[in-house]
Amino acid sequence: MKISNHPPWLSTKKNNYTNLRVESLSLIMADDAETPMLLVRAVDGAVDYKGHPASRSNTGRWRSASFIIGVEIAERFAYYGISSNLVTYLTGPLGQSTAAAAANINAWCGTALLLPLLGASVADSFLGRYRTISMASLLYILGLGLLTFSAVLPSLMDGFDSQTNMVTTALFFFSLYLIAVAEGGHRPCAQAFGADQFDGQDPEECKSKSSFFNWWYFGVSAGATVTVMILSYIQDNLSWVLGFGIPCIAMIIALVVFLAGTKTYRYSIGKNEKGPFVRISSVFVAAFRNRQKTSPLDCHGFLSEQNYEQFKFLNKAMVVCSIAEIEETKAVLRLVPIWSTCLVYGIVCAQISTLYIKQGATMDRTVVSGFEIPPASLQCFMGITILVILPMYDRIFVPIAKSLTTNPSGITMLQRIGTGILLSAISTIVAALVEMKRLKIAKEYDLVDKPSVTVPMSVWRLVPQYLIFGLADVFTLVGLQEFFYEQVPQELRSIGLALYLSVTGIGNFLSGIVISVIDNATGGDGRDSWFSNNLNRAHLDYFYWLISGLSLIGFVTFLHFSKSYIYNRNVF
């Protein structure tokens with residue numbers, strides 16, 4: 001049975017094999033008509049690069065996932081090469097204030113983390129994950145190339161005058177948001193495509209898929225840690241052109257690595273003619289239109305008691321929609337309370353690459369005589385924590401917890417997420433205490449009105465807040481990835497991972513809004529705002545206490561909704 005001679009990503013039409021159902025044992029004819037029939041164990045719902053049923057032994061699993069993890073390491077190297085030290089570039093060469101720089105970074109990070117919702121929907125409904133990743137990578141390389149050129153412009157135009165600054169700033173932000181668009185297509189699809197290499201219906205591969213999310217984040221953190229350690233030094237001490245150019249080279253390598261694994265990948269195929277968004281929206285429309293009617297069918301015969309009672313108004317859609325469509329719509333709707341209560345975690349996350357760095361820039365950063373570490377390099381302690389803790393979590397904590405709870409993952413996904421939210425609140429409390437101490441020392445040494453003078457307080461005092469937040473990431477971010485991948489319908493898994501990214505994306509926007517509001521409310525009329533350019537007169541400690549309180553409120557609310565959450569264990 002010959003299925004296709006063409007790779008699925010080259011087809012310009014909707015996949016003709018949407019309804020293809022591949023059994024665990026399939027007979028596949030090779031391209032050569034004289035080749036005898038071969039008995040191959042195939043993966044249900046997946047094809048290889050030729051469009052044939054994907055062989056379980058020759059495609060997917062860790063070999064294919066390793067290519068994709070390698071790509072993501074390079075992509076994270078590129079992304080953090082830009083974002084980790086962006087506040088220094090904005091407040092330095094571009095001459096922006098602390099509050100304006102923080103707001104701009106929050107807006108850009110928020111956009112980069114929200115656009116995956118659009119990129120994932122395009123991938124899930126039209127292009128497919130492979131083609132979306134390939135096209136996004138090309139766009140990423142273009143954006144990084146233009147960003148590097150924007151750093152070269154001042155030298156080409158004889159320095160930074162007002163006209164040069166305007167042109168440079170415009171090109172810089174255009175390039176930055178082009179990267180955000182590329183990020184929107186690349187990030188959710190790459191992770192979903194990596195997880196697709198494991199068959200959730202196979203017990204052994206299902207176990208590997210759970211570990212995949214841990215090792216995925218391990219690789220991502222490794223790329224980010226190397227970036228922070230190397231590129232922040234290059235950008236601060238050597239050249240911004242080189243600091244932006246190296247990430248561009250990393251993305252070119254990432255694209256080559258991704259394409260090299262093409263023949264080994266499994267490509268998921270849809271099981272429904274209607275697109276996922278069409279199905280979900282049709283359920284809401286049908287339920288609204290039939291709100292005054294009684295369904296002629298008894299849902300109890302098809303839906304579980306819990307699913308029947310939860311979001312009961314959607315049961316009205318049974319007049320025109322299938323049970324599966326109602327089930328998957330309810331599955332998506334159940335995610336909303338969990339998603340919304342995690343947003344406060346995103347607000348805390350936004351401070352790592354903005355205010356924490358400005359805080360460190362005022363402190364004693366001397367390692368040895370004549371050498372100071374870049375303030376952005378402290379972010380590497382988050383990465384180091386993740387690199388140390390994640391293997392211990394996967395190889396030690398999970399088996400021990402599994403023996404106590406009988407849960408294959410040790411603890412539930414929601415328990416893991418909640419633990420991280422609590423840890424993030426603790427990290428901001430530590431940050432507030434450290435900032436109070438820094439302000440006290442600045443006052444004791446009469447440095448309040450001398451912002452350019454280093455406060456005689458070691459920058460290593462900031463390390464605990466980075467370590468604690470790195471530990472929080474191990475729990476919350478990895479937990480969110482697995483949760484939003486597993487708890488959405490199969491055809492919406494790119495969207496699920498985009499939802500996880502949108503937690504930090506919306507958090508960045510909320511952080512920017514809060515900072516702008518507080519800056520306007522506490523500044524003006526000769527007063528120093530909480531985010532004054534002179535941090536010795538600012539009150540970052542007040543802001544840290546504020547988001548600590550919000551984090552604790554978010555944690556309590558999260559616990560409330562977690563108790564009533566119904567896990568979806570079906571594959572639609």
Side-chain angles (χ1 to χ4, degrees), residues 85 87-88 90-92 96-103 105-106 232 236 344 347-367 372-379 381-382 423-469 472 511-552:
N85 206 21
V87 68
T88 303
L90 292 180
T91 56
Q96 295 189 347
S97 67
T98 299
I105 294 169
N106 289 157
S232 60
D236 279 6
V344 69
I347 296 177
V348 177
C349 190
Q351 315 317 315
I352 302 298
S353 59
T354 54
L355 298 181
Y356 281 16
I357 295 176
K358 295 300 294 181
Q359 188 180 13
T362 67
M363 301 168 71
D364 181 11
R365 295 178 280 117
T366 303
V367 178
E372 290 185 341
I373 62 169
S377 66
L378 289 179
Q379 294 172 81
F381 285 101
M382 282 177 53
L423 286 169
S424 72
I426 295 173
S427 75
T428 54
I429 292 173
V430 173
L433 293 173
V434 171
E435 179 61 9
M436 289 174 64
K437 180 66 174 178
R438 192 193 68 82
L439 291 174
K440 182 180 178 182
I441 292 175
K443 188 174 181 179
E444 289 176 352
Y445 283 82
D446 195 24
L447 299 177
V448 173
D449 294 314
K450 300 175 183 177
S452 61
V453 178
T454 300
V455 175
M457 177 179 175
S458 175
V459 75
W460 303 118
R461 293 282 191 95
L462 298 178
V463 170
Q465 65 203 56
Y466 283 102
L467 294 178
I468 296 172
F469 195 80
S511 175
I513 292 170
V514 171
I515 287 175
S516 296
V517 170
I518 293 176
D519 187 51
N520 291 328
T522 60
D525 297 327
R527 295 176 298 168
D528 293 305
S529 81
W530 288 9
F531 309 101
S532 171
N533 289 337
N534 179 0
L535 289 190
N536 296 337
R537 284 195 170 274
H539 273 291
L540 297 184
D541 54 333
Y542 291 174
F543 180 66
Y544 294 153
W545 284 120
L546 173 64
I547 58 178
S548 297
L550 292 175
S551 295
L552 291 173

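It should be emphasised that the depicted structure is a prediction, and the values quoted were computed from it without experimental measurement.
- Residues Ser529 and Ile518 have side chains not in contact (no heavy-atom distance under 4.5 Å, counting atoms from C-beta outward).
- Nearest heavy-atom pair, Ile352 versus Met382, reported as atom, atom and distance to 0.1 Å: CG2-SD, 3.4 Å.
- Side-chain contact between Leu540 and Trp530 is absent, with no heavy-atom pair separated by less than 4.5 Å.
- When all heavy atoms are compared, the tightest approach of Ile515 to Ala102 is CD1-CB, 4.2 Å.
- Sorted by first and then second residue, the salt bridge (Lys or Arg N to Asp or Glu O under 4.0 Å) pairs with a member in residues 532-541 read Asp449-Arg537, Asp528-Arg537; sequence neighbours excluded.
- Residues Leu447 and Pro456 have side chains in contact (heavy-atom distance under 4.5 Å, counting atoms from C-beta outward).
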Hey, mind stepping through Val514 and Ile347 against side chain to side chain contact (heavy atoms under 4.5 Å, CB included) and telling me if it holds? CA-CA 9 Å; Val514 171; Ile347 296 177; 5.5 Å; no
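- Residues Thr428 and Trp545 fail the side-chain proximity criterion, which asks for heavy atoms closer than 4.5 Å.
- With 3.5 Å as the limit, one finds no donor-acceptor pair spanning the side chains of Tyr544 and Gln465.
- Two residues are said to be in side-chain contact when any heavy atoms from C-beta on lie closer than 4.5 Å; Phe381 and Pro464 fail this criterion.
- Only one option out of Leu462, Ile357, Asn85 pairs with Pro375 in a side-chain contact (heavy atoms from CB on, under 4.5 Å); it is Ile357.
- What you find for Ser424 and Ala472 is that their closest heavy atoms are N-CB, 3.9 Å.
- Looking only at atom types and distance, the side chain of Thr454 has no donor-acceptor partner in the side chain of Asp364 under 3.5 Å away.
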Dump the intermediate steps for side chain to side chain contact (heavy atoms under 4.5 Å, CB included) on Trp460 and Val367, then the final yes or no. CA-CA 10 Å; Trp460 303 118; Val367 178; 4.2 Å; yes
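- The two residues Asn534 and Pro451 make their nearest non-hydrogen contact at OD1-CB, 3.4 Å.
- Gln359 CD to Gln351 CD: the interatomic distance, rounded to the nearest 0.5 Å, is 10.5 Å.
- The shortest distance between side-chain heavy atoms of His539 and Thr522 does not fall below 4.5 Å.
- Taking 4.5 Å as the limit, every side-chain heavy atom of Val434 sits out of range of all side-chain heavy atoms of Arg438.
- Residues Leu355 and Phe543 have side chains in contact (heavy-atom distance under 4.5 Å, counting atoms from C-beta outward).
- Checking Ile547, Asn106, Thr354 one by one against Ser511, the side-chain contact (heavy atoms from CB on, under 4.5 Å) holds for a single residue, Asn106.
- Contact between Leu552 and Ala425 at its shortest, heavy atoms only, is CD2-CB, 3.8 Å.
- Here the CG atom belonging to Leu439 is positioned 4.5 Å from the CD atom belonging to Glu435, to the nearest 0.5 angstrom.
- Nearest heavy atom pair, residue Ala101 against residue Val87, reads CB-CG2, 4.2 Å.
- The line from NZ of Lys440 to CE of Met457 is 11.0 Å long, rounded to the nearest 0.5 Å.
- Checking side-chain atoms of Arg365 against main-chain N and O of Glu372 turns up no donor-acceptor pair under 3.5 Å.
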